[in-house]
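Per chain, numbering begins at 1; letters A, B, ... match sequence-line order.
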Protein chains: 2
Amino acid sequence: MAAGTDKPVQLEPIEMARTAEQRFEDYLQSRGMRNTEQRKNLIKLVFSSHEHFDADQLMEKLPAKGDAGYVSRPTVYRALSEFVDAGLLRKFELDGRSVYEHDYGYPQHDHLYCSKCHSLIEFQDDRLKEIRKKVAEDHHFQDRSHRLIITGICQPCRQSRRRKRRPVDLI
Amino acid sequence: MAAGTDKPVQLEPIEMARTAEQRFEDYLQSRGMRNTEQRKNLIKLVFSSHEHFDADQLMEKLPAKGDAGYVSRPTVYRALSEFVDAGLLRKFELDGRSVYEHDYGYPQHDHLYCSKCHSLIEFQDDRLKEIRKKVAEDHHFQDRSHRLIITGICQPCRQSRRRKRRPVDLI
DNA sequence: TTGAATGCAAAGGATTTGCAGAGGC
DNA sequence: GCCTCTGCAAATCCTTTGCATTCAA
């Protein structure tokens, strides 16, 4: 995308007929599951920004134990799994932990991953679709999804080779 | 554990000036490290076939505890890490575990991953190189490696599903 | 009311680490 | 002999599970 820019290009959310919350409610409804306070808190938090995050980071954004709005760790894990199942989030693994990102209402993209500061930069390249299609056909493979991560050193880290840059929390 | 079975190799090894063992010896030498029996056993085993494997699968191929040639689990993990560092193996994550494959003497490739039987199928597409190059340039990113995994259902799994369809619940 | 969901504690599974003894070089 | 390496046990890290209680519908 836009060459000549320093900042990572931000992808634009897709226009949606239903909000993530609405879609999740449908999901719950259709399975006889309940729309609890915890699930409401989590989905609100998760969709309040489109950063990548892991379970730990999500926990840190929640109110502390004892305060209103607190959600326990097991419940966080259970909810993340439901969000993925409902098509709201996508999950992938990085350095041995699970990382989540918005799926619903967000365009397909892939990532550059800085092995120094652990930041993730999104990019889009439509040629990938073609490759995927051709390879799947060649192997009579029914493709459902793909994940491409290009690892290296991001621009800020290349420039400040000596300066210690605080790694972006979390991946 | 044990996932990621493999198909017979389809890609041809590259002609090498030095064997993996030789290269590893250089690596050890240059760092004042020792070429122990354990490391020799492991490298021989690892390069005796082209399959993808995880630490557990490698352990299972080793002689049992008490028998000659046994290597303990911590040593296996330490060695795998060294092999990666020495450029002999490449490591990636699948379903929460670390999976290894030959790097030295093996051409760049990517994978189709069957979510049903967990097999990994290798493929090559040179257009990926171009995409990687362009994206890296656009973002002033110094790319070092990439990993593309296309997930779906492999041909054998697609066929077996059609043949023996699960009957509708009777009762 | 009633079964699903939560929080707690504890378990699990993969991988790593501290350390005393073994063994390359 | 020096110093790295190994194996053992135990620790860590992330994630999941069993269960009694709480709560949405």
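- Put simply, CG on A:Asn41 is 15 Å from C1' on D:dA24, counting in whole angstrom units.
- With values rounded to the nearest 0.5 angstrom, B:Gln142 atom CD is found 12.5 Å from B:Glu137 atom CD.
- Rounded to whole Å, the distance from CD on B:Gln57 to P on C:dT15 is 11 Å.
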- request: Mark up nucleotides 19-25 of chain C, 5' to 3', with B wherever a protein heavy atom is under 4.0 angstrom from a base atom, S wherever such an atom reaches only the sugar-phosphate, and - elsewhere.
  value: ----BBS

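- Ring-plane geometry between A:His118 and A:Tyr113 is classed as tilted, the angle between the planes lying from 30 to 60 degrees on a 0 to 90 degree scale.
- With rounding to whole Å, A:Arg39 atom CZ is found 10 Å from D:dA24 atom C1'.
- The distance from atom CD of A:Glu93 to atom C1' of C:dT15 is 14 Å, rounded to the nearest whole Å.
- Within the 4.0 Å cut-off from OP1 or OP2 of D:dG7, at least one side-chain nitrogen or oxygen of B:Thr75 is found.
- For the pair B:Arg97 and C:dG13, the criterion of a side-chain N or O lying under 4.0 Å from OP1 or OP2 is not met.
- OP1 or OP2 of C:dT15 has not a single side-chain nitrogen or oxygen of B:Arg73 nearer than 4.0 Å.
- Under 4.0 angstrom from either OP1 or OP2 of C:dT15 there lies at least one side-chain N or O belonging to B:Tyr77.
- One interatomic measurement links the two molecules: CG of A:Asp95 to P of D:dT15, which rounds to 12 Å at whole-angstrom precision.
- The nearest heavy atom of DNA chain D to B:Leu28 and to B:Tyr70 marks one nucleotide each, and the one closer to the 5' end goes with B:Leu28.
- Contacts classified as salt bridge (charged side-chain N to carboxylate O under 4.0 Å, His left out) and involving residues 140-153 of chain B (residues at least two apart or in different chains) are given here: B:Glu101-B:Arg147, B:Arg132-B:Asp143.
- Every pair passing ring-ring contact (aromatic ring centres under 6.0 Å, His included) that includes a residue from residues 65-87 of chain B is listed here, sequence neighbours excluded: B:Phe24-B:Phe83.
- For the pair B:Arg127 (side chain) and A:Arg127 (backbone), a donor-acceptor distance under 3.5 Å is absent.
- In this structure, the CZ atom of A:Phe24 is 14 Å from the C1' atom of D:dA24, given to the nearest Å.
- Rounded to an integer number of Å, the gap from CG of B:Asp56 to C1' of C:dT15 is 11 Å.
- Atom CD of A:Gln22 has more than 12 neighbouring heavy atoms from other residues, nucleotides or ligands inside a 6.0 Å radius.
- Tested against B:Leu112, the residues B:Ile150, B:Ile153, B:Thr151 include a single side-chain contact (heavy atoms from CB on, under 4.5 Å) partner, B:Ile150.
- Nucleotide C:dA5 holds its P atom 14 Å from the CG atom of A:Leu42, rounded to whole Å.
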